[in-house]
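The block underneath contains the structure these notes are about, expressed in structure tokens.
Per chain, numbering begins at 1; letters A, B, ... match sequence-line order.
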Number of protein chains: 4
Amino acid sequence: MASEAERNTISNGGRDEHALANENDALITSTDPHHPANHICSLCVQFYGHGWVTGTGGGISIKHGDRVYLAPSGVQKELMKPQDIFVMDWATKQYLRRPQVLKPSACTPLFMSAYTNRGAGACIHTHSQWAVLVTLICEAGLQDPDNRNVFAMKEIEQIKGISRGGTGSQEIAEGGRKLGNLGYFDTMKIPIIENTAHEEDLEESMSQAMKQWPETCAILVKRHGVYVWGKDVAQAKTQCESLDYLFQLAVEMHKLGLKWV
Amino acid sequence: MASEAERNTISNGGRDEHALANENDALITSTDPHHPANHICSLCVQFYGHGWVTGTGGGISIKHGDRVYLAPSGVQKELMKPQDIFVMDWATKQYLRRPQVLKPSACTPLFMSAYTNRGAGACIHTHSQWAVLVTLICEAGLQDPDNRNVFAMKEIEQIKGISRGGTGSQEIAEGGRKLGNLGYFDTMKIPIIENTAHEEDLEESMSQAMKQWPETCAILVKRHGVYVWGKDVAQAKTQCESLDYLFQLAVEMHKLGLKWV
Amino acid sequence: MASEAERNTISNGGRDEHALANENDALITSTDPHHPANHICSLCVQFYGHGWVTGTGGGISIKHGDRVYLAPSGVQKELMKPQDIFVMDWATKQYLRRPQVLKPSACTPLFMSAYTNRGAGACIHTHSQWAVLVTLICEAGLQDPDNRNVFAMKEIEQIKGISRGGTGSQEIAEGGRKLGNLGYFDTMKIPIIENTAHEEDLEESMSQAMKQWPETCAILVKRHGVYVWGKDVAQAKTQCESLDYLFQLAVEMHKLGLKWV
Amino acid sequence: MASEAERNTISNGGRDEHALANENDALITSTDPHHPANHICSLCVQFYGHGWVTGTGGGISIKHGDRVYLAPSGVQKELMKPQDIFVMDWATKQYLRRPQVLKPSACTPLFMSAYTNRGAGACIHTHSQWAVLVTLICEAGLQDPDNRNVFAMKEIEQIKGISRGGTGSQEIAEGGRKLGNLGYFDTMKIPIIENTAHEEDLEESMSQAMKQWPETCAILVKRHGVYVWGKDVAQAKTQCESLDYLFQLAVEMHKLGLKWV
């Protein structure tokens, strides 16, 4: 039987393993802070400070050209290094780089769903407590007993930070949806889907929700958190911030006995 | 038809475009951390930490001599660079520097209103959730059903951090208003104006409120946030902090069933 | 009439003004981070982060040997520099160093009261919202209608972070009070005094409270904040933290309908 | 009578005191940030930011091979230095390094209990207000009057960050407990023990709870805080984060009138 080293060489088509490792590292090695591998790490530090990725929860992915960059599973987000990042080839859906000691994120199929169904350029998943509390208030019908699977809010300025039509890109808008961001008098609606025992099992209901709600840029997962995407990482991140602001405001409004719509 | 480069040269009165670009950059280039272009950036990092400028919301402007410095629209505030700053000539109201890839802030006419009507030296706009919640409590008449368009508070020490007469400058005080800061037994009153679909449309009601409330240094915008100004950036910033403290305290007092006045 | 420069020389007893300035700066110039002038500045950055000194509110003083170091009035605490610090001679109560553009803190007589009445080595004043809310809950008699001027709490572990007998020093304990810190089953009692229009007017009631409550290391000021002292700056700071933790916990307990004692 | 220097030499069995001091310092001197002495210090800075170790409260210990590293008693956690760390020999339970000016943490026997009873590799003790509030809600029977000594929660995604069987290590699982982490539909149960006047007196009831609840990785102490352990410091830290997230969520859910189970 072939030794570990031999098998590696074989599976790499006879190319030198050491050279391949260097080649792979080139995918995540850059001095540019905006390189996706660096950007994911600096954003994770920021997200940790927001309480979005507590205890290795949550995740983030950036699609850059033909490559998808993914934060790994089970890593302390505030300590993540570019070396921890998985890189997938968009065309073949094969990993170009796969850190040997880490597992790919269980969020991967959900991030891919945002890329496939919405043409997104980045997707963020948080376990924000405000997102979870909003789903609990909705589930219990405390704001609107007739709509327990949608978080709706209107006439709050920060809603204007949320795009219509997912990524807000021209291509996506061809289906007839309005472009640009929500207006102050629009009602923002974010669908809420049921949680599942295993995160990857959310894929079907999330894809379905993306099709059923062509204008949303986010999907809440009951008792779990939120997925937010955008045409690029800046839009995904600022929308995630605006939504988290609105979730927190909604919880505070509910405590004060105020209606969201 | 003239090429892009030719037109630029023409519109600049025949002066070399490259030289002009350098000239413009000089307006925002300084090693002094108190230079308005640097100061705006460092304050925006701090404001982001306070949750005042989430998701590109909020803004800030400093008037320094004959020039008005303005943070741009739609930029992540914690990442802003001096190169992103707009500079306007106070006398002509023309932009001396206008970053080509950015849009001027929609807050610009409102900041100008504070300079024109109050002789302010700086103006800050936040989307603080505490400001928004205060306007919601007032709107619903939960504290004082007879005064839904004014936030009033008294006998809290931090009120002494708020000036009378807007900027507290001698010139502004000529209309007969008292100088200095509010006292502990004074009642602080901050007017609340209606929000509009477009931020720039707040200009008229804000100017009107500035005239109607000559002692206020701030105007709350319902379901939106707050505008705070001062004679200089230090006063604008410390008043904005004191008000945010009071807004948060007011929300907590309301939750405990306590009256603000 | 003597010129400004001449008068300065005269008032300095004929000594060269420039030499004196250098001499005074020596009082606040050190590379040691534990030098009181440096320590006050680094603590103020930390206190700002805690929300204790918002909008130039609050203050701190350290007594080191024969000298009292005092943060100035009206300065943004997170930006304070050693050059901003006042230094007073303990024996003569005269300022050895007085920054010309700044005013001494209105808290000065209250800090001095802790040094005189309690032999404290440091005193901190915060405008913490939790301190203010505790005084409001007590004032309204929501926890104990029969004791509106005392904040009492028991059977919370963090109480063990609070000393008996003010500074916990041997000298102070000679009056017969118990030494060391509170135990878990002790009841912590912090007196609440009325606020006054001017901070310096708190001096009499604060001195009186220090005498009436020989075991307390802190005095709450209604609708204003708290003064906390200790035998040294470490004890003053850790007690201030423990108290703020207890104030916040007390507010949360009250919201949940739980009793403090 | 022997001089101080002589006695030191004598008590060290005739070995040179200076040499011994150097020898001991070697136990806590490393440029590797993952060395336990460095790691404890950087984690304490992080824990201070979370509000877990306010006012010298809380503590942390790491077991690394045959040595147990312990944060000292009464030290400001955000300022801790490797020089402050106690090092104990696991086999003999004797201190190999004992900083002369510091006292060992009163948590020491409780940390040892996690090592002995659970084979833990690290243990964290926090005074988190959310942990304390959860014990108060349970004590008052506000969620489940029939189970006041257990915090139970289910169907919240973050529960999946909590291991079954304490450290999750193979050895510990030999008693028949399930391996790995809790699933989304499992009910997480954390026992709550009574607080005692002196922290070291918690040892017996904590050891008993560890035996009675073989699946828990944490024990809440009523009106005090929580102890959390893991197979290594990363698991202890991420579980502590996940639990704190769940405690905070539980308090917020209770305020909204929602049930935990």
Checking [X] against chain A: side chain, backbone, both or neither under 4.5 Å from a heavy atom?
X: D/Leu249; answer: both
X: D/Gln248; answer: both
X: D/Phe185; answer: side chain

Minimum heavy-atom separation for [X] to [Y], with atom names?
X: A/Tyr48; Y: D/Gln46; value: OH-NE2, 3.0 Å
X: D/Ser242; Y: A/Gly55; value: OG-CA, 3.8 Å
X: A/His198; Y: D/Lys160; value: CA-NZ, 4.2 Å

At what distance, to the nearest 0.5 angstrom, does CG of A/Leu136 lie from CG of D/Leu256?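 Between A/Leu136 CG and D/Leu256 CG, I get 8.0 Å after rounding to 0.5 Å.
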To the nearest 0.5 angstrom, please state how far the CG atom of D/Leu258 sits from the CG atom of A/Leu133.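 Taking CG in D/Leu258 and CG in A/Leu133, the distance rounds to 8.0 Å.
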Hey, are A/Lys77 and D/Glu241 close enough for a salt bridge, meaning a charged N less than 4.0 Å from a carboxylate O?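 No salt bridge links A/Lys77 with D/Glu241.
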With only heavy atoms counted, which part of [X] is less than 4.5 Å from chain D, the side chain, the backbone, both or neither?
X: A/His224; value: both
X: A/Glu139; value: neither
X: A/Ala140; value: side chain
X: A/Thr135; value: neither
X: A/Leu79; value: neither
X: A/Gln129; value: both

Between D/Glu155 and A/Asn195, a side-chain donor and acceptor under 3.5 Å: no
